[in-house]
2 protein chains.
Amino acid sequence: MESKSNCPVNKSLEVFGDKWSLLIIRDLMFNEKRTYREFLYSDEKIATNILATRLEMLCKEGIIIKKKDPNHKQKIIYSLTEKGIDILPIIIEIGCWGVKYKPVTSKQKLRAKELKNDKEKLLKEMKRELLKNTQI
Amino acid sequence: MESKSNCPVNKSLEVFGDKWSLLIIRDLMFNEKRTYREFLYSDEKIATNILATRLEMLCKEGIIIKKKDPNHKQKIIYSLTEKGIDILPIIIEIGCWGVKYKPVTSKQKLRAKELKNDKEKLLKEMKRELLKNTQI
DNA sequence: CCGCATCCCTATAGATACTG
DNA sequence: CAGTATCTATAGGGATGCGG
């Protein structure tokens, strides 16, 4: 696909600038979802064809990778690459805006504040975890 | 519109989770665009009907406001509210990701780094400017 | 000139049923 | 379990119109 402009913001949005992609990435980061079924049963009720195309696109873009579960061969595990993990700051900022301007629970407010403070630490942890898993 | 879930990330995305909204906000923040025509002539070539509906939505959401140009009565000036200015950190993070993972110029790289470092300062400046303009 | 509104057509999103 | 197939609804693109 041809890029509409060479603005970095636009180029990023052409990758994950639709609602569903960022929600899938959110589920990978914070909700411990890793299989097709788990994504399918998200709170926002993504349709199965949309999920399939998004997962494929995110793989192609190098934001997630899929591999077979070593224990249950029929299962497929999706996980974030470093490129995907680097979307964390964006998700956190989006969450913080929602917490500030949309009605949310006090629990969610607290969580957002924690995440923002621990952003750098969390980023490093996720990348360390990634490295560990690829070495196995 | 009914919210699909009560996740803050989802609630934010339901407001500006489409490509065009964030590009309009980017133009307001960094490209000094303030009139309908100026948005229309963006690099990404937004269609006139899309622009109209997005501007209306962003007004309704309280992210931008429209007022008549005091000098040229037939002109309409759009500007960010505080709620809109608070989207700045999101745009900056999106830009930084693009700079890191998409082909961009060295100028764009430098600019992204500057913006990230001066984020807090820039936020305050934009809000101070907003306050000044509303007092007039 | 200005800010849109409208129409028409196409592309993509989305819901649901089904399959290897 | 992880997806396809199929169908419909909606979003988007582009030309053009229109009141101020």
Side-chain angles (χ1 to χ4, degrees), chain A residues 1-5 10 13-25 27-28 31-61 63-79, chain B residues 1-5 10 13-28 31-61 63-80:
Chain A
M1 195 185 99
E2 205 30 46
S3 201
K4 287 221 174 193
S5 83
N10 178 58
L13 290 175
E14 282 176 347
V15 179
F16 52 77
D18 70 298
K19 199 183 94 174
W20 290 115
S21 302
L22 285 174
L23 291 179
I24 292 170
I25 295 166
D27 282 345
L28 275 162
N31 300 330
E32 288 84 41
K33 302 200 177 179
R34 355 218 93 220
T35 68
Y36 194 92
R37 281 288 139 150
E38 287 167 351
F39 294 122
L40 207 56
Y41 295 154
S42 68
D43 287 348
E44 293 89 8
K45 305 278 168 231
I46 187 168
T48 171
N49 54 345
I50 309 292
L51 177 57
T53 58
R54 286 305 187 287
L55 287 174
E56 193 192 342
M57 183 273 286
L58 291 172
C59 279
K60 250 198 232 161
E61 288 285 344
I63 286 167
I64 61 173
I65 40 162
K66 59 192 283 187
K67 39 189 169 187
K68 297 200 173 161
D69 188 325
N71 304 325
H72 317 269
K73 281 280 187 190
Q74 74 276 32
K75 253 190 178 177
I76 289 174
I77 303 289
Y78 293 93
S79 56
Chain B
M1 194 184 102
E2 203 34 45
S3 201
K4 285 219 176 197
S5 83
N10 177 59
L13 291 174
E14 283 176 345
V15 178
F16 52 77
D18 70 297
K19 198 184 95 172
W20 290 116
S21 302
L22 284 175
L23 291 180
I24 292 170
I25 295 165
R26 172 208 62 182
D27 281 345
L28 276 162
N31 299 331
E32 288 87 39
K33 303 199 176 180
R34 358 218 93 222
T35 68
Y36 194 90
R37 284 285 140 151
E38 287 167 352
F39 295 122
L40 206 56
Y41 295 153
S42 69
D43 286 349
E44 292 88 9
K45 305 278 167 230
I46 186 168
T48 169
N49 55 343
I50 310 291
L51 177 58
T53 58
R54 285 305 185 286
L55 287 173
E56 193 191 343
M57 184 274 286
L58 291 171
C59 278
K60 251 198 230 162
E61 288 284 344
I63 286 168
I64 61 174
I65 40 163
K66 58 192 283 189
K67 39 189 169 185
K68 298 201 171 163
D69 188 325
N71 305 325
H72 318 268
K73 281 283 188 189
Q74 74 276 29
K75 256 194 177 174
I76 288 174
I77 303 289
Y78 292 93
S79 55
L80 290 164

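Each chain gets a letter, A, B and so on, in the order the sequences are listed, and its residues count up from 1. Below, all heavy atoms of this structure are taken into account, side chains as well, without hydrogens, waters or symmetry copies.
At whole-Å resolution of the value, NZ in Lys67(B) and P in dG3(C) are 16 Å apart. Atom-to-atom, OH of Tyr41(B) to C1' of dC1(C) comes out at 11 Å; the value is rounded to the nearest Å. Glu44(B) has its CD atom 14 Å from the P atom of dG12(D), to the nearest Å. Summarising the geometry, the separation between CG on Leu51(A) and P on dA2(D) is reported as 10 Å, rounded to the nearest angstrom. In this entry the distance linking CD1 of Ile76(B) with P of dC2(C) reads 12 Å, nearest Å. Rounded to a whole Å, the CG atom of Leu40(A) is 10 Å from the C1' atom of dG3(D). Ile77(A) has its CD1 atom 12 Å from the C1' atom of dC1(D), to the nearest Å. In this structure, CG of Asp69(B) is placed 14 Å from C1' of dC1(C), rounded to the nearest angstrom.
For the residue pair Val15(A) and Ser21(A), the shortest heavy atom distance occurs at O-OG, 4.3 Å. Ile46(B) approaches Ile24(B) most closely through the heavy-atom pair CD1-CD1, 4.3 Å.
Side-chain atoms of Tyr36(B) come within 3.5 Å of backbone atoms of Thr48(B) as a donor-acceptor pair (strictly under, hydrogens ignored). Glu14(B) contributes a side-chain N or O that, together with a main-chain N or O of Lys4(B), makes up a donor-acceptor pair within less than 3.5 Å. Between the side chain of Glu61(A) and the backbone N or O of Met57(A) there is no donor-acceptor pair closer than 3.5 Å. Using modelled atom types, no side-chain atom of Asn31(B) and backbone atom of Lys33(B) make a donor-acceptor pair closer than 3.5 Å.
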Strictly under 4.0 angstrom, non-hydrogen atoms only: write out the protein contact profile of nucleotides 6-20 of chain C, one letter per nucleotide from the 5' end, B, S or -. BB-----SBBBB---

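Residue order along DNA chain D, read from the 5' end via each residue's closest nucleotide, puts Tyr36(A) first among Gln74(B) and Tyr36(A).
Within the 4.0 angstrom heavy-atom criterion, only backbone atoms of the sugar-phosphate kind lie near Lys66(A); the bases stay farther away.
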